[in-house]
Amino acid sequence: MVRERIALACREAGRDPAGVTLVGVTKGHPREAVLAAIAAGLTEAGENYAREAAEKYAGLPGLRKHFVGHVQTNKARLIVETFDMVQSIDRLDAGRALAKASRALGRTVKALVQVNVSPVERFGVAPRDAAELAARLREEEGLEIEGVMAIGPLGCDSETTRRAFATAREAFERVGGSTLSLGMSADLEEAIVCGSTMVRIGTAIFGKRI
Ligand SMILES: *Cc1c(COP(=O)(O)O)cnc(C)c1O
């Protein structure tokens with residue numbers, strides 16, 4: 001169902017569906033739901049809370065894990081231990097804490113800069129400051145900045161969503177990298193039109209959160 005929506009949106013945008021990675025966002029759903037999704041072919045999963053994910057994802061080999069929640073510096077080590085990619089770095093001290101934790105664990109963590117393109121979203125760097133933040137973060141050993149993530153202005157019309165996603169895409173072009181993470185259950189079509197290379201889907205895969 002979600003794969004079909006992605007395929008259709010790609011066809012309308014003249015894009016190859018292979019260029020859009022599907023991340024299943026599992027927050028609010030139990031480990032059994034993640035196992036069922038893996039059995040159905042899911043290879044990438046995301047969570048907003050590090051502690052919830054650490055238990056839920058324990059011992060699931062082959063799953064690429066994405067942290068999509070707000071980065072608290074005191075959780076940096078748990079985040080690095082639990083996830084392959086952190087999509088939500090929106091300030092220097094959060095990035096530095098993650099870099100320090102990765103170095104201590106002898107690894108590197110892939111990361112995206114979260115850009116704020118929505119008046120109702122609390123987190124994210126202002127689009128005009130994204131490239132500067134990315135440049136500073138790229139000086140940190142232990143972090144690999146691969147692009148941009150943004151949350152759309154949920155609950156508004158398609159045109160407003162597209163404008164917000166276009167702003168995120170402009171920030172991505174200045175930041176550089178391979179990954180533009182845009183699009184959730186309600187706005188994946190607009191995201192794909194605007195060049196998203198990664199959609200983060202919860203409800204449309206797992207149903208309503210409890
Ligand atoms: C919850 C969440 C999602 C998934 O949202 P749905 O609307 O359920 O698809 C995607 N990205 C982030 C950052 C989230 O917090």
Side-chain angles (χ1 to χ4, degrees), residues 1-9 20-31 33-34 36-37 40 42-54 56-57 63-72 75 79 82-91 94-95 98 109-125 127 130 146-158 160-162 164-165 167-169 171-172 179-210:
M1 177 62 192
V2 168
R3 300 257 186 215
E4 283 165 27
R5 275 178 66 190
I6 293 171
L8 187 60
V20 181
T21 301
L22 172 61
V23 176
V25 177
T26 61
K27 65 164 181 259
H29 296 283
R31 182 178 164 90
V34 186
L42 191 72
T43 57
E44 319 249 345
E47 274 281 339
N48 299 57
Y49 296 101
R51 206 163 297 288
E52 188 179 335
K56 199 181 291 186
Y57 291 166
L63 190 65
R64 254 188 113 229
K65 291 156 270 186
H66 300 255
F67 184 71
V68 299
H70 182 61
V71 178
Q72 293 174 276
K75 296 270 168 52
I79 291 171
T82 309
F83 295 91
D84 303 291
M85 174 179 262
V86 179
Q87 298 206 3
S88 42
I89 301 183
D90 63 355
R91 61 199 197 285
L98 291 166
V109 69
K110 295 181 187 304
L112 305 177
V113 169
Q114 182 178 352
V115 173
N116 189 320
V117 296
S118 161
V120 295
E121 176 57 36
R122 279 162 68 208
F123 303 115
V125 66
E146 299 203 328
V148 159
M149 182 274 262
I151 297 173
L154 298 166
C156 59
D157 61 280
S158 188
T160 306
T161 299
R162 281 200 201 195
F165 283 164
T167 301
R169 190 201 168 118
F172 171 59
T179 304
L180 175 58
S181 174
L182 289 182
M184 300 169 39
S185 295
D187 54 20
L188 78 85
E189 285 82 6
E190 287 87 350
I192 285 172
V193 168
C194 294
S196 172
T197 69
M198 182 175 277
V199 293
R200 310 175 310 271
I201 309 296
T203 315
I205 297 177
F206 299 102
K208 279 213 163 60
R209 289 180 276 277
I210 319 109

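Along the sequence shown, residues carry numbers from 1. Every number for a ligand or one of its atoms is a count from 1 in the order of the listing.
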(message) Once ring pair (Phe, Tyr, Trp, His ring centres under 6.0 Å) is applied, do any residues pair with Phe165, and if so which ones, sequence neighbours excluded?
(response) none

(request) Answer yes when Arg162 and Glu190 have at least one side-chain N-carboxylate O distance shorter than 4.0 Å, and no when they do not. (result) no

Present, as a list of atom pairs with distances to 0.1 Å, all nitrogen or oxygen contacts under 3.5 Å between ligand 1 and the protein.
residue  : atom   : partner : partner atom : Å
ligand 1 : 8 (O)  : Thr203  : N            : 2.8
ligand 1 : 8 (O)  : Thr203  : OG1          : 2.5
ligand 1 : 8 (O)  : Arg209  : NH1          : 2.8
ligand 1 : 8 (O)  : Arg209  : NH2          : 3.4
ligand 1 : 9 (O)  : Ser185  : N            : 3.0
ligand 1 : 9 (O)  : Ser185  : OG           : 2.5
ligand 1 : 9 (O)  : Gly202  : N            : 2.8
ligand 1 : 11 (N) : Arg200  : NE           : 2.9
ligand 1 : 15 (O) : Lys27   : NZ           : 2.7
ligand 1 : 15 (O) : Asn48   : ND2          : 2.7

Would you list the atom pairs, donor with acceptor, under 3.5 Å between side chains in residues 109-120 and any protein atom, with sequence neighbours excluded?
residue : atom : partner : partner atom : Å
Lys110  : NZ   : Glu144  : OE1          : 3.2
Lys110  : NZ   : Glu146  : OE2          : 3.4
Asn116  : OD1  : Ser118  : N            : 3.0
Asn116  : ND2  : Glu121  : O            : 2.9
Asn116  : ND2  : Phe123  : O            : 3.0
Ser118  : OG   : Val120  : N            : 3.2

(request) Return the set of residues passing side-chain contact (heavy atoms from CB on, under 4.5 Å) with Ala36 (not counting sequence neighbours), or none when no residue passes. (result) none

(request) Output yes when Lys65 and Glu47 qualify as a salt bridge under the 4.0 Å nitrogen-oxygen rule, no when they do not. (result) no

(message) To the closest 0.5 Å, what do you measure between CD1 (Ile6) and CD (Glu189)?
(response) 9.0 Å

